[in-house]
Amino acid sequence: MQKVSNQSVAELLREIGEYLEMQNIPFKPRAYQKAALAIEGLEEEAADIYQRGGIKALKEIPGVGVSIAEKIEEFVRTGKVRYYEDLKKKTPVNLESLSRVEGLGPKSIKKLYQKLGVSDLAGLEKAAKAGKIAKLTGFGEKSEEKILKGIGFAKSSGSRFLLGYMMPQIRAIEAGLARVAGVTKAIAAGSVRRRKETIGDVDILVVSAKPKEAMDYFVSMPDVVSVIAHGETKSSVKLKSGINVDLRVVPKESYGAALNYFTGSKDHNVALRKIAVAKGWKLNEYGLFSLKGSRGGGGREKVIAGATEEELYKAFGMDYIEPELRENTGELEAARAHQLPKLVGYGDLLGDLQTQTDWTDGSDSIEGLAKAAMARGLRYIAITDHTKRLAMTHGLDAVRILKQMAEIDRLNKKFAGKIVILKGTECDILKDGTLDLPDSVLAKLDVVGVSVHSHFNLPRAEQTERLTRAMANPHADILFHPTGRIINRRPPYDVDMEAIIAHAKKAGTVLEIDALPERLDLKDEYVRKCVEARVPMAIDSDAHAAAHFSLLEWGIAQARRGWATKSDIINTWPLEKMKKFLK
DNA sequence: GCCGTTTTCGGCCCGACTGTTTTCAGTCG
């Protein structure tokens, strides 16, 4: 039995949903999409849940009922789902790649297949370049142009994986290796350790007294689909998810140097090596060496450091540099001057200021979210459901949000002393920069988040003006996912972020770091600009289910990559201080 | 296909925008 990852289960359900949409079947597509979203956010592997408790346990997942649970069962047991295969036979196309093209939905994909035989990106590009698409009824010059543009974007961004969603698999590999006899250390280095938002591959280092056993375990892991290399110190495999993973066994005395070398970034390493050379030293993956006396092949190299990263940086007269900072953007100089920031820690959040419940498009109740937040050690959360403009989510209008506020009052009494639930909103910013709820309602809320979900294509000046107008609302506390990008799927809307940051400072509006792995919005470079401009930020999970609080980790990682400290992040502050700061 | 303060059947998925049309289909959030 091959173990299936949550990502592959989610992808399967999502594709089933899209196939059903091709056939104009109502409601079901949405049910499959919701289930896919829930599976993606799980901490535990769905395959493990099934092994542990069968269909019954799978049904506990919100959005998963008998029918979907049975399909997951079939997928886990056989690696295939009959229902899906039958759907795919009718329209045998590469849905995953085609639907990454912006503006292409299931209906268009079906039409392009039936009329032009398009089944993948290459075929789509050929048809578009030949001008065949524009001639189809329902399409035209502009759609063809848009498709070509979309192909370009899908191509340029499709090959990297989202860290937050890959990490459970990576950690499972680390844990598996750590259990192999002789292994004393197992850690993923590279962009994974630097917590980049996307990763191209995974580099894992192992210290072991029995390297062969670690290698043998590694190449026979259940997710491995092909073994690219299988040697004594290095092996390389491709996993079912499509990602390549390398494993290197390094000697104990070189562990620090190897970890440093394979963590990178390349720019950081090059700069560090240059400093070493200037001192008459040599730095490589085996250690930091003094070359004095060895010139001309005479004397021996003397080891200066190598077993730990701490001693390595210390040898350079530097403070330890956190992996998230290693991009050669000033961290080496700061480390030497002992002026590195004390980064916000992975356990520092006291609250979460963006969560959605089953009042709109979330899958858990307010109470369910509050309990999950408590279990995570959070002291406060804001409930920020969508507003009516986002009709698809059944967004709240003034009447329903007042009802919700009463419900929150009731729950706050129930949970007194344990957690505080703040009344909030993710209020839509309309085209002209006004908000989707009246000021009289906004005034009653503790946390007013505002965000853009429409008109992504406004010209830069107009979009910037729209956002600044929204932020200037006397009740607007936080600008949620400020640039609107979806990694690998949609570029940010065209907006002058320098101006937005400057305006945030002036208007006293907080900018959000949305922790969803596909958003991570603000990105690191803007986080750093906020830190420099002293514009406070909030790290929010954007949770749509109780399990999503675990995603906060990726928002914290992003903040750290942007050099943020606790004082930069308002939801590391105690509740009273945080509330006082909001408008 | 899921779910339950409208509760085991029947409601949910609405509205704006775009590009194609001249009244509408498809996409997106």
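Predicted model, so just to flag it, every value in this text is computed and none were measured. Sequence lines set the chain letters: A, B, ... in the order given, protein chains first and strands last, and positions in each chain run from 1.
Straight-line distance from the CG atom of A/Asn457 to the C1' atom of B/dA16: 13 Å, rounded to whole Å. The distance from atom CD1 of A/Ile61 to atom P of B/dG1 is 17 Å, rounded to the nearest whole Å. Nucleotide B/dC2 holds its C1' atom 11 Å from the CZ atom of A/Arg30, rounded to whole Å. The distance from atom CG of A/Leu37 to atom C1' of B/dG1 is 16 Å, rounded to the nearest whole Å. The CG atom of A/Leu20 sits 18 Å away from the P atom of B/dC13 (whole-angstrom rounding). One can place CD of A/Glu70 at 10 Å from P of B/dG1, the figure rounded to the nearest angstrom. Distance NZ (A/Lys59) to P (B/dG1): 14 Å, rounded to an integer number of Å. Regarding A/Glu145, its CD atom lies at a distance of 10 Å from the P atom of B/dT20, rounded to whole Å.
Along DNA chain B, the nucleotide nearest to A/Pro62 and the one nearest to A/Leu136 differ in position, and the one closer to the 5' end is contacted by A/Pro62. Between A/Tyr32 and A/Pro29, the residue anchored closer to the 5' end of DNA chain B is A/Tyr32, taking for each the nucleotide with the nearest heavy atom.
B/dT20 and B/dT27 are spaced 13 Å apart, taking the P atom of each and rounding to whole Å. Comparing the C1' positions of B/dT6 and B/dC12 gives a spacing of 12 Å, expressed to the nearest Å. Taking atom P on both nucleotides, B/dG10 is separated from B/dG15 by 24 Å, rounded to a whole Å. Going from the C1' atom of B/dG1 to that of B/dC13 covers 14 Å, rounded to whole Å. Annotation: B/dG11 and B/dA16 have their C1' atoms spaced 24 Å apart (nearest Å). Atom P of B/dC9 sits at a distance of 41 Å from the matching atom of B/dC17, rounded to the whole Å.
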Exercise for the section: For each nucleotide in nucleotides 23-29 of chain B, reading 5' to 3', give B when a protein heavy atom comes within less than 4.0 Å of its base, S when such contact involves only the sugar-phosphate, and - otherwise. Expected result: ---SSSB

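Because its NZ or CZ atom is not both nearer than 6.0 Å to the ring centre of A/Tyr526 and within 45° of the ring axis, A/Lys529 does not count as a cation-pi partner of that residue.
Across A/Leu479 and A/Ile429, no two heavy atoms sit closer than the pair CD1-CD1, 3.9 Å.
Here B/dG11 sits opposite B/dC2 as a Watson-Crick or G-U wobble pair (both hydrogen-bonding atom distances under 3.5 Å).
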Problem - Intermediate values then yes/no, salt bridge (Lys or Arg N to Asp or Glu O under 4.0 Å), A/Arg469 and A/Glu465 - result: CA-CA 6 Å; A/Arg469 182 155 179 218; A/Glu465 169 63 24; 5.9 Å; no

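Residue contacts for A/Lys28: at a heavy-atom cut-off of 4.0 Å it reaches a base atom on one of the strands shown.
The side chain of A/His455 lies closest to B/dC17 when the candidates are B/dC17, B/dT20, B/dC2.
With centres under 5.5 Å and a plane angle under 30°, the ring of A/Phe27 is stacked against the base of B/dC12.
Residue A/Lys71 has a polar side-chain atom (N or O) positioned under 4.0 Å from OP1 or OP2 of B/dG1.
For residues 11-32 of chain A, the salt bridge (Lys or Arg N to Asp or Glu O under 4.0 Å) pairs, not counting sequence neighbours, are A/Arg14-A/Glu40.
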Show me, pair by pair, the donor-acceptor contacts under 3.5 angstrom made by side chains of residues 111-119 of chain A, not counting sequence neighbours?
{"unit_1": "A/Lys111", "atom_1": "NZ", "unit_2": "A/Thr137", "atom_2": "O", "d": "2.8"}

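In this structure, the side chain of A/Glu197 does not engage the main chain of A/Trp554 through any donor-acceptor pair within 3.5 Å.
In this structure, A/His386 has its ring center no closer than 6.0 Å to that of A/His394.
By the 6.0 Å contact criterion, CD on A/Glu498 is open, its count of non-hydrogen atoms from other residues, nucleotides or ligands being 12 or less.
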